[in-house]
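Below is one structure, written out as structure tokens, with a few remarks after it.
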Amino acid sequence: MSATLEIRGMCKSFGGIVVADSIDLDLMAGRVLGLIGPNGAGKTSLFNLVCGVVKPDAGSVSLDGRSLEALPTYERARMGLARTWQNLRLFPSLSVMDNLMLGPRAYSADSLMDVFFRPSQIRAHEAEARDRALDILERTGLSPIAHSRVQDISFGQQKLVGVARALMNEARCLLLDEPMAGVEGQTYALIQKAVRDIAASGVAICVVEHNVAFIRDLCDEGVFMFAGKVLARGSVEQLINDPHLTELYFGT
Amino acid sequence: MDYVFTILILIGLFVILASSFDLVIGHCGLISIAHPIFYAIGAYISAMLSKQYGLPVPVSILCGGVGALLASALVAVPALRVSGDYLLIASIGFQLGLIELAKHFHEIGGAGGLTNIPSFLIKDFGRESYVVLVLVLAALTVLFIRWLTQGPYGRMMTAMRDDELAFSMLGRNAIWVKVAVFAIGSGIAGIAGGLYAHYFRFLEPDQFGLLQSSAVLTMVVVGGMRTTMGPVIGAIVLQLMPQVITFFNLPPSILGPLQGLLFTGLVLFFMFVRPQGLLPAADLWVGRKQQGDAGQSAKEARS
């Protein structure tokens, strides 16, 4: 089976700080990969490199066999790459619903020609996106707050909105950056279920997370990163119980 | 009566300018204050096309709008590819540079100004008809911008203003949205320029400088950014206020500086006391109802 997302020889350094040192990584369809490592290991940087937010010094990324290197961020998203952000990055001037409405790969108003000359097409597009958004909101338990401002809802719900917004893409590959940080209780269970469902539908998922229980429950496999390098790949249990890695993680 | 007509026409033109400027700086969050240069481009193109080449005035006004639209895209594309901040510098440079160029370009009147621009008065209807034309176009501009900003395109502009990176990561092309909105706003300003040229029939480069930039900016800030009626109210208030003091029969040596003081004072007052303007914008973007909403309510009723 070929990988959905293929990272080859990814290198990046900022001045003297190496955030990616020849990283090779495959994400497989329907599998959840956990990225584990201490702060500063280069986990979020790897996401930024994959998304085209940061340009690599060397290396390549491809999605479903198609190279992403030459593409700007928005075109990578249109090919089916979606992500959430550690610091949420929701749109505070929009309601939860409207945050989701912007998420489809093809947005109703992407073309100005359509806006001016094909109003019926815009309406059909909007109605379709709205139905999909309602569906996702229902699945993630966010329906009751669909029309709230994002700053009026709890932090956990905001995290969930971030995931829900990424789901609008119907992505082939989903990158989740610390979806559980600061989340507990019912929302925790909801996010967990959402991630399981997405994986079951054949999406390749990569999760950066410090919550070991979450990683253990959810991930099929783990990767341990340190100082921009992939040090080990294996089952999560294996990685957690490796005394050498634990030492690196806690810095003791 | 001519005095009143002239004021009404100026109000109408500044409503168009302020509203289209609010589209650029308020709704889309693009920092540029060079809006009057696109007004100037529209005015000069329209004036020259009708004067030199005998084009019918309505056609030349439209050409002026298109010219302003294209010129603004030329400025915006390279500037916005680097970063949003460069637009401010690039556009001011473009504005001041073009004004200097126009001053030395005698074919368009040079520093002395372009005179004898064909007028666009319909003979039997007189000046009233031009007042009506300008006010109707001003109303249409306001309605058009409202329509654009409350539709799906407005949702995009709002999101992009909030967080450009997250916006791009959803598959939206931020640079294209910025260039498009900048061009639309500037094109509207260009049409206003044509309307100005064929009424006053005289253009000089200096009137489109930074002073006018600050006037239009003041109208938007005082009226209220990102609101439909804010720029309208701002344009009316700031057009009428300087007129009021002309009634005091002050000598011109005092009148000019006093009007400047009034403008500056208003900006300072609003910045400290009411930064949101006379009409504050809502915190939450709410689009207009679409037909798709019917499906929404049906679905929500089920859940």
By a 4.5 Å heavy-atom criterion (distance strictly below it), what part of [X] contacts chain B: side chain, backbone, both, or neither?
X	answer
A:A106	backbone
A:R149	both
A:L81	both

Strictly by modelled atom types, are [X] and [Y] linked by a side-chain donor-acceptor pair under 3.5 Å?
X	Y	result
B:Y86	B:R81	no
A:E126	A:S108	yes
B:S60	B:S46	yes

Between [options], which shows the greatest number of heavy-atom pairs under 4.5 Å with chain B?
options	answer
A:L88, A:D98, A:V53, A:L90	A:D98
A:V115, A:N169, A:L137	A:V115
A:A82, A:S93, A:A77	A:S93
A:A124, A:P104, A:G52	A:P104
A:M101, A:R76, A:R105	A:M101
A:A129, A:A109, A:A133	A:A109

Next item on the list: Compare all side-chain heavy atoms of B:I31 with those of B:L87 and state whether any distance is below 4.5 angstrom.
Entry: no
Next item on the list: Test the B:R161-B:F167 pair against the cation-pi criterion, namely NZ or CZ under 6.0 angstrom from the six-membered ring centroid and within 45° of the ring axis.
Entry: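 So B:R161 doesn't make the cation-pi contact.
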Checklist line | Cation-aromatic face contact A:K12/A:F14, 6.0 Å, 45 degrees | finding: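 The answer is yes; both the distance and angle limits are met.
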Check: Which residues in residues 193-204 of chain A have a heavy atom less than 4.5 Å from any heavy atom of chain B?
Finding: none
Next item on the list: Might you point out which heavy atoms bring A:V150 and A:N99 nearest each other, and give the distance in Å?
Entry: CG1-ND2, 3.5 Å
Next item on the list: Taking all heavy atoms of A:T84 and all of A:D177, pick out the closest pair and write down the distance.
Entry: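 Minimum heavy-atom separation between A:T84 and A:D177: OG1-N, 3.1 Å.
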Margin query: Salt bridge or not between B:E164 and B:K178? Use side-chain N to carboxylate O under 4.0 Å.
Written below: yes
Notebook entry, point to check: How many angstroms lie between atom CD of A:Q86 and atom NZ of A:K159, to the nearest 0.5 angstrom?
Noted result: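 Answer rounded to 0.5 Å: 7.0 Å.
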